[in-house]
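Taking it in order: structure first as structure tokens, then the write-up.
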Amino acid sequence: MTGAIVAAKALSKWYGEVIGLNSFDLELHEGITGFVGPNGSGKSTFFKLVSGLIRPSVGQIRVLGEDPWANQPLMARLGFCPDYDNLSDEQTFRSFLAFVGGLHGMRGPTMGSRIEEVARIVGMGEHIDRRIGGYSKGMRQRTKIAGAMLHEPELLLLDEPLSGTDPLGRREIIALVQSLHAEHGHNVIVSSHVLHEIERLTPQVAVLYKGRAIATGNIQEIRGLIDKHPHNILVESDRLDELAKRLVGLPCVVSMQFSPDRTGLTVQVTRPEEFFAAMPGLVEAVGCRVRRMLSLDDDLESVFRYLVG
Amino acid sequence: MRAVGINRIEYRPWKGRRTDPNRRLLVISENVLRRNLASKGVLLVLIVGLILVHIFSIIGAVFFPHEALTNADMIGGQAPTVEPINATRNVTGPLGVDPALLVNGSFTVVGDVSVEGTLTLTGALAGNGSMVFARTLFQMGNVTTQGYLSLEGTLTIDGTIFGKGTISGTGHMNGTGMVSGNVTGGGTTTSGPTFVGGGYLTSGLLVIFTMLLAAVVCSDIIADDMADSSFVLYFSRPVRTIDYFVGKFTGAALVMGLFCVLPPMVYALVMLGTQTGSDYGGGLVILGKTILAGVFTAVFFLPFGLMVSSLTDRKAYAGVGIFMSLFVLTIISGIFSRGSREWLLVDPFNMVSYAYRLLFGGSLPSGLHASHLAVAISLVIVVPLIAAYFWIGRKGAGK
């Protein structure tokens with residue numbers, strides 16, 4: 001377990017009869033690492049264990065070479081952004097960060113200038129004195145991230161930072177997280193239950209399912225595993241018959257099934273990216289109007305079922 | 001697993017000035033203070049309480065001539081006086097009757113008297129008026145007589161008399177206990193009394209509003225952190241459970257101090273500043289005692305409040321729970337103190353009132369001991385503190 005920023009060995013955590021993590025083995029090194037898994041897979045439990053908020057039931061975990069449990073000096077080197085929003089609407093970005101800085105023992109003009117620096121980094125410079133109650137979801141997420149990075153931690157733990165954000169906000173946060181490592185040197189562990197989001201953040205991922213790390217490594221390798229299994233995509237459109245004829249020609253399409261009222265078409269594909277890339281051309285060629293198109297497996301539940309057999 | 005493809009820049013450590021970790025609890029207290037001073041509920045209780053409890057007294061201190069600041073100004077009646085039994089004293093003023101009063105002598109009633117509680121008479125009772133016993137299941141503070149009682153015989157007191165009624169007579173009062181309040185009449189009273197009651201601190205309103213304020217301040221102090229998981233905000237930082245706990249307690253105590261410490265201090269200073277006499281030394285001692293009494297009052301209800309707040313994540317439940325729990329103790333005390341006077345010490349109102357008496361040189365009602373009071377107060381403070389700390393540790397992060 002040397003050289004790793006986080007190392008877990010036979011790590012288990014259970015809450016009464018509920019298992020949070022189950023015999024979890026993992027080593028994470030410097031850089032950005034994505035944690036992906038469906039709800040209840042153990043992501044938040046892992047983050048709490050890393051940040052010393054809870055104690056392992058069995059096994060051991062080392063963070064930056066130390067045991068995180070009740071380790072206040074280590075906590076000063078970590079920055080944790082939880083998945084839920086507990087920001088007070090009455091506070092401003094500045095007052096929230098001043099409070100957080102105070103908890104880290106920061107104060108005075110140095111803290112003031114650091115708050116302004118962090119506000120610029122997370123793109124909140126213009127809203128620094130606005131009430132948080134008036135922030136959008138994306139701005140609130142960035143405020144939370146700012147709270148986690150204010151004290152310049154070595155390791156940032158971002159639990160579902162993209163949750164609830166709109167596409168634009170998501171893109172901005174992804175760029176922010178990448179810059180936190182590339183420009184500011186933070187190691188980052190970031191979680192999401194959406195594989196595509198994590199894929200845009202980092203090539204290094206760990207896939208969690210039911211409290212276990214079922215796959216770790218480069219995203220392309222994991223994608224290869226997933227692509228061996230059909231992926232279900234629902235398309236709702238007019239002129240579905242013509243569209244279906246064209247879809248048959250795509251190599252990635254395995255099968256298709258019309259809904260009983262023939263207003264929807266469920267397409268099974270092996271490589272979703274290939275399908276999504278081809279769709280705009282097909283739609284244009286057929287001249288149909290697509291009302292809705294969504295991946296039925298986007299919750300990743302099925303993906304994880306594939307991975308675990 | 002090793003990340004690839006990112007040009008990592010080395011970690012830049014914090015270059016600012018970090019403070020002592022102990023200072024971090026002050027950040028938490030400051031946050032509690034700010035939040036409470038922005039809370040409409042807290043402000044409402046504070047303002048109403050300040051007007052009803054403090055402002056009128058302070059105005060009175062300015063306009064009513066007085067020679068010096070005395071203990072009696074704080075806890076009522078005359079200055080505490082311990083006189084030998086069978087000494088004789090003429091007094092004037094209102095009187096209430098303690099529910100456990102034991103009368104061994106005789107007296108005559110020429111007016112009406114209403115007693116809420118139990119009055120035990122082993123002597124003769126003669127009267128031209130009527131005597132009404134309005135027994136209640138529990139008492140809130142002092143029992144009050146509403147009518148007039150005239151004495152022509154001898155009244156022997158083994159208990160305590162205090163209240164707001166009026167007693168007048170030509171008889172004698174012989175006692176080994178205390179007379180709290182004043183006796184009106186042309187008769188004589190033979191007793192070993194400390195004359196207290198109806199003072200600035202012991203009016204009863206102060207304790208009621210303090211309890212109400214504690215309930216409002218403590219209702220969300222921990223419950224809200226549990227409800228919105230703000231615990232993580234604290235415990236994922238270099239903040240220990242004790243920092244969090246002491247920080248919250250200190251913050252709440254500062255809010256309470258705005259009601260319990262500051263106004264009594266102002267009252268004492270105004271009394272000192274407007275006195276006609278020249279004894280400032282004694283007044284300064286009383287000022288010190290007043291600050292001590294204020295600090296005691298400010299922190300007395302907080303452990304209980306913190307404990308209840310740590311048991312639920314519902315602010316409303318916590319607020320009502322704190323208030324009702326304290327009243328339950330009062331009810332229990334009211335019921336069982338008829339059997340044994342020691343149960344009076346279970347009532348938080350009595351604890352505070354008796355502590356004031358001791359602090360300002362008075363004595364406890366007969367049958368009660370200062371050591372027992374100290375134990376009762378310690379239990380009310382220490383046990384909830386430990387319980388709250390334990391629960392915060394458990395629930396804080398599910399450790």
Side-chain angles (χ1 to χ4, degrees), chain A residues 4 15 26-33 48 51-55 69-70 72-76 78-80 82 84-86 88 90 95 99-111 113-114 147-148 151-154 157 178 181-187 202-204 206 216-218, chain B residues 1-35 37-40 220 224-244 247 251 393-399:
Chain A
Y15 309 95
L26 188 71
E27 276 198 21
L28 303 179
H29 293 268
E30 294 171 333
I32 302 176
T33 303
K48 285 180 181 173
S51 54
L53 286 168
I54 54 176
R55 184 161 39 185
W69 167 247
Q72 269 73 37
L74 175 65
M75 286 180 190
L78 307 179
F80 180 42
Y84 41 80
D85 185 342
N86 53 15
S88 165
E90 306 307 317
S95 63
F99 175 60
V100 167
L103 295 179
H104 281 282
M106 300 162 67
R107 64 172 176 157
T110 317
M111 181 174 75
S113 58
R114 172 63 182 161
H151 58 292
E152 298 209 57
E154 286 182 60
L157 305 164
Q178 287 173 330
H181 175 64
E183 295 175 23
H184 302 282
H186 301 286
N187 294 305
T202 175
Q204 289 298 126
T216 58
N218 190 284
Chain B
M1 189 170 75
R2 181 168 293 278
V4 293
I6 303 290
N7 297 319
R8 185 176 178 278
I9 294 174
E10 287 304 315
Y11 162 65
R12 293 178 301 154
W14 165 247
K15 295 291 196 302
R17 187 158 52 99
R18 289 192 193 275
T19 55
D20 188 291
N22 291 331
R23 197 189 136 75
R24 292 168 195 175
L25 65 90
L26 296 181
V27 177
I28 298 172
S29 338
E30 187 189 341
N31 190 48
V32 171
L33 185 63
R34 276 176 199 269
R35 280 186 62 168
L37 293 183
S39 158
K40 288 176 185 168
D220 61 354
D224 267 8
D225 287 348
M226 282 196 282
D228 66 9
S229 297
S230 289
F231 272 139
V232 173
L233 176 67
Y234 295 100
F235 296 126
S236 63
R237 319 274 168 184
V239 175
R240 297 165 301 171
T241 306
I242 189 75
D243 298 331
Y244 172 86
R394 291 273 298 175
K395 289 187 175 180
K399 290 167 179 175

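Throughout, a chain's letter reflects where its sequence line sits, starting with A, and its residues are numbered from 1. The shown structure was predicted, so the numbers you read here are calculated from the model rather than taken from an experiment.
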Query raised in the report: Between atom CD of A/Glu90 and atom CZ of B/Arg34, what is the distance when rounded to the nearest 0.5 Å?
Result: 13.5 Å

Query raised in the report: Say you draw a straight line from CG of B/Asp243 to CD of A/Gln72; how long is it, rounded to the nearest 0.5 Å?
Result: 7.5 Å

Query raised in the report: With sequence neighbours excluded, what pairs up with A/Asn86 under the side chain to side chain donor-acceptor pair (under 3.5 Å) test?
Result: none

**Report entry** Minimum-distance pair of heavy atoms, taken over all atoms of A/His104 and B/Arg24
**Finding:** O-NH2, 3.4 Å

Report task. Return the option, out of B/Arg237, B/Arg35, B/Glu30, with the maximum number of heavy-atom pairs under 4.5 Å with chain A. Result -> B/Arg237

**Report entry** Separation of B/Phe235 CZ from A/Phe80 CZ (nearest 0.5 Å)
**Finding:** 14.0 Å

Query raised in the report: Atom CG of B/Leu233 and atom CG of A/Leu103: how far apart are they, to the nearest 0.5 Å?
Result: 6.0 Å

Report task. Identify, with sequence neighbours excluded, every residue that meets side chain to side chain donor-acceptor pair (under 3.5 Å) alongside B/Asn31. Result -> none

